[in-house]
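Down below is the structure, laid out as structure tokens.
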Amino acid sequence: MNHDSQAFKVCEKFVSINGEGIKAGQLSVFVRFKGCNLDCSYCDTKWANEKDADFESMSTDEIVKYVVETSVQNVTLTGGEPLIQPGISGLIKNLKENDLNVEIETNGAVNLKPFCSDETRPDCFTMDYKLPSSGMEDSMLTDNFFYLKDSDCVKFVAGSENDLEKALKIIHEYDLTNRCHVYISPVFGSIEPVRIVEFMIENVLNNVNLQIQMHKVIWNPEERGV
Ligand SMILES: C[S@@+](CC[C@H](N)C(=O)[O-])C[C@H]1O[C@@H](n2cnc3c(N)ncnc32)[C@H](O)[C@@H]1O
Ligand SMILES: Nc1nc2[nH]cc(C(=O)O)c2c(=O)[nH]1
Ligand code: SF4
Ligand SMILES: [Mg+2]
């Protein structure tokens, strides 16, 4: 199939500052795709995963045109889960050919290997490791860690003390700070950020970054399109 005829289900698209990941604070164009293969307890975009969620049908060319016309250099493909969208590799390739910096937000339950060829590899994978309180930890593909490099990032979204302990174990077991950037973020409103800082001090977590979702501080945390 010609990739131009591929239709994507896009729930929202907008320009904002990236509130998460290694380019936090920089402008990015966000494209949020419909549907997910997981169902995290704390998910702040459950609405985009509903079967009857509203979406706009967009071809690869239409998405690329929209992004290019913003003149913003960073693009974040998110969802839902971007890597389960049919044709996503063609879209990544096309965006890269337009000199855009492509970030993929992915949930850790999709095999990254097929996305790692030179042509289709995004500039940055921001990959979650889903901790116990998400209810989705059994779906984590730990082999994915071996495909990450220094331009990528692993994010632990922690909602409990048990989550923090598990993040610590995984960081050490897979030597993550020597592979890529590592972030710990609070499940918004579930754990005090100060507790994460204390945990980092107690365990001397060098080269790990605390990250607060910036957009939820700047805007109403429930706001869409920001
Ligand atoms: C909505 S997900 C979409 C991309 C992909 N499905 C994933 O989980 O990485 C984008 C990011 O938002 C994070 N997130 C979702 N709900 C959150 C919450 N209540 N508090 C903090 N982060 C949250 C996820 O953990 C993920 O890192
Ligand atoms: N401003 C802003 N930054 C983000 N970074 C990652 C997001 C996401 O939902 O994947 C996100 C988002 O929803 N808004
Ligand atoms: S994987 Fe991402 S989009 Fe899917 S339910 Fe979890 S946080 Fe939400
Ligand atoms: Mg978000």
Side-chain angles (χ1 to χ4, degrees), residues 9-50 53 70 72 74-85 88 101-112 115 122-137 139-141 144 148 152-160 163-164 166-167 170 180-193 195-196 209-226:
K9 294 179 177 175
V10 175
C11 283
E12 59 175 1
K13 56 188 196 307
F14 55 92
V15 174
S16 186
I17 51 101
N18 200 335
E20 304 169 26
I22 59 178
K23 294 215 182 239
Q26 291 190 18
L27 288 179
S28 192
V29 189
F30 290 84
V31 181
R32 189 179 308 285
F33 298 101
K34 177 175 166 162
C36 191
N37 53 331
L38 299 184
D39 183 17
C40 303
S41 58
Y42 53 72
C43 180
D44 60 9
T45 53
K46 279 186 195 288
W47 58 272
N49 303 340
E50 303 292 344
T70 66
V72 169
N74 300 324
V75 53
T76 301
L77 305 182
T78 186
E81 174 52 45
L83 293 184
I84 62 168
Q85 310 297 321
I88 196 76
N101 185 284
V102 183
E103 174 191 31
I104 299 277
E105 291 267 339
T106 186
N107 61 21
V110 180
N111 182 5
L112 296 187
F115 302 98
D123 298 279
C124 174
F125 285 114
T126 297
M127 190 186 85
D128 272 24
Y129 178 90
K130 302 296 180 189
L131 292 164
S133 78
S134 70
M136 296 293 124
E137 192 182 12
S139 298
M140 291 301 93
L141 303 176
N144 276 345
L148 299 180
D152 299 317
C153 143
V154 170
K155 198 196 308 178
F156 295 92
V157 175
S160 67
D163 280 359
L164 290 173
K166 191 57 192 275
I170 296 288
C180 61
H181 297 264
V182 179
Y183 288 90
I184 304 180
S185 257
V187 172
F188 192 79
S190 290
I191 186 170
E192 288 300 326
R195 181 55 207 136
I196 299 180
N209 300 270
L210 166 68
Q211 185 158 76
I212 315 281
Q213 291 177 296
M214 241 187 241
H215 48 296
K216 292 191 185 167
V217 176
I218 299 173
W219 292 278
N220 179 328
E222 308 295 327
E223 189 87 20
R224 291 188 195 175
V226 290

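Predicted model only: the values in this text are computed from it and were never measured. Just follow the structure's listing: the first ligand is 1, and inside any ligand the first atom is 1. Reckoned from all heavy atoms, side chains included, excluding hydrogens, waters and symmetry mates.
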Taking heavy atoms and a distance under 4.0 Å, where does Pro186 meet ligand 1: side chain, backbone, both or neither? backbone
Closest to atom 12 (C) of ligand 2 by heavy-atom distance, out of Lys155, Glu105, Glu223, His215, is His215
Any N or O of Phe30 that comes nearer than 3.5 Å to an N or O of ligand 2? no
Suppose I only count heavy atoms of Cys43 and a 4.0 Å limit; which atoms of ligand 1 are within that range? 16 (N)
So is Thr78 polar-close to ligand 2, meaning N/O to N/O under 3.5 Å? yes
From Asn107 CG over to Thr126 OG1, what is the distance, rounded to the nearest 0.5 angstrom? 12.5 Å
Is it the side chain (CB and beyond), the backbone, both or neither of Thr126 that lies under 4.0 Å from ligand 2, heavy atoms counted? neither
Is Gly19 close to ligand 2, meaning an N/O of one under 3.5 Å from an N/O of the other? yes
How about Glu223: does its CD atom have over 12 heavy atoms from other parts shown lying under 6.0 Å from it? yes
Nearest non-hydrogen protein atom, atom 19 (N) of ligand 1: Tyr42 O, 2.9 Å
Identify the protein heavy atom lying closest to atom 16 (N) of ligand 1, giving its residue, its atom name and the separation to 0.1 Å. Asp44 N, 3.0 Å
Does Asp123 reach the main-chain N or O of Glu103 with its side chain, forming a donor-acceptor pair under 3.5 Å? no
With distance as the sole test, does Asn144 use its side chain to make a donor-acceptor pair with the main-chain N or O of Val110 at under 3.5 Å? yes
Leu112 CG to Ile104 CD1 distance, which is reported to the nearest 0.5 Å: 9.5 Å
Distance filter under 4.0 Å to Gln213 heavy atoms, resulting ligand 1 atoms: 20 (N), 21 (C), 22 (N), 23 (C)
Specify the protein heavy atom at minimum distance from atom 26 (C) of ligand 1: its residue, its atom name, and the distance to 0.1 Å. Asp128 OD2, 3.4 Å
Test of proximity, Thr106 against ligand 1: N or O pairs below 3.5 Å: yes
Under 4.5 Å between any side-chain heavy atoms of Arg224 and Glu12, yes or no? yes
To the nearest 0.5 Å, what is the distance between NZ on Lys130 and SG on Cys40? 4.0 Å
Checking a contact table here: which protein heavy atom is nearest atom 10 (C) of ligand 1, and how many Å away? Glu105 OE1, 3.7 Å
With the threshold set at under 4.0 angstrom, would you say Lys130 reaches ligand 1 through any of its heavy atoms? yes
Based purely on interatomic distance, does Thr78 place a nitrogen or oxygen under 3.5 Å from a nitrogen or oxygen of ligand 1? no
Starting from atom 5 (N) of ligand 2, locate the nearest protein heavy atom and write down its residue, its atom name and how far away it is, to 0.1 Å. Asn18 OD1, 2.8 Å
So for Gly79, does at least one of its heavy atoms come nearer than 4.0 angstrom to any atom of ligand 1? yes
Give, for atom CZ of Phe33 and atom NZ of Lys13, the distance between the pair rounded to the nearest 0.5 Å. 11.5 Å
Mind checking whether Phe30 and Phe14 have parallel, tilted or perpendicular rings, split at 30° and 60°? parallel
Any idea which protein heavy atom is nearest atom 7 (C) of ligand 2, and the distance to it? Glu20 OE2, 3.8 Å
Would you mind checking which non-hydrogen protein atom is closest to atom 13 (O) of ligand 2, with the distance to 0.1 Å? Arg32 NH2, 2.9 Å
Sub-4.0 Å atoms of ligand 1 with respect to non-hydrogen atoms of Thr45: 1 (C)
Quick one: do Lys155 and Glu20 make a salt bridge, cutoff under 4.0 Å? yes
Between the CD1 atom in Ile84 and the OG1 atom in Thr106, the distance rounded to the nearest 0.5 Å is 9.5 Å
Distance-only N or O hit between ligand 1 and Phe188, under 3.5 Å: yes
Verdict with reasoning, Ser185 to Gln211, per side chain to side chain donor-acceptor pair (under 3.5 Å): CA-CA 5 Å; Ser185 257; Gln211 185 158 76; 4.8 Å; no
Find all atoms of ligand 2 within a distance of less than 4.0 Å from any non-hydrogen atom belonging to Ser16, and give their numbers and elements. 1 (N)
Do Ser133 and Ser160 get their side chains close enough for a donor-acceptor pair, meaning under 3.5 Å? no
Record the part of Lys155 in heavy-atom contact with ligand 1 below 4.0 Å; permitted values are side chain, backbone, both and neither. side chain
Answer whether the closest heavy-atom distance between the side chains of Phe156 and Asp163 falls below 4.5 Å. no
Please could you name the atoms of ligand 1 that Glu20 approaches to less than 4.0 Å, counting only its heavy atoms? 11 (C), 12 (O)
Could you state the interatomic distance from CG (Asn74) to CG (Asn18), rounded to the nearest 0.5 Å? 7.5 Å
Proximal atoms of ligand 1 relative to Glu81 (non-hydrogen, under 4.0 Å): 5 (C), 6 (N)
Check for a donor-acceptor pair, side chain of Lys34 on one end and backbone N or O of Ala53 on the other, with a separation under 3.5 Å. yes
re atom 1 (N) of ligand 2, the protein heavy-atom contact at minimum distance is Ile17 O, 2.8 Å
Is the number of heavy atoms from other residues, nucleotides or ligands under 6.0 Å of Lys9 NZ greater than 12? no
Could a heavy atom of Gly80 be found less than 4.0 Å from some atom of ligand 1? yes
Between Val226 and ligand 2, which part of the residue brings a heavy atom under 4.0 Å of the ligand: side chain, backbone, both or neither? backbone
So is there a nitrogen or oxygen of Thr76 less than 3.5 Å from a nitrogen or oxygen in ligand 2? no
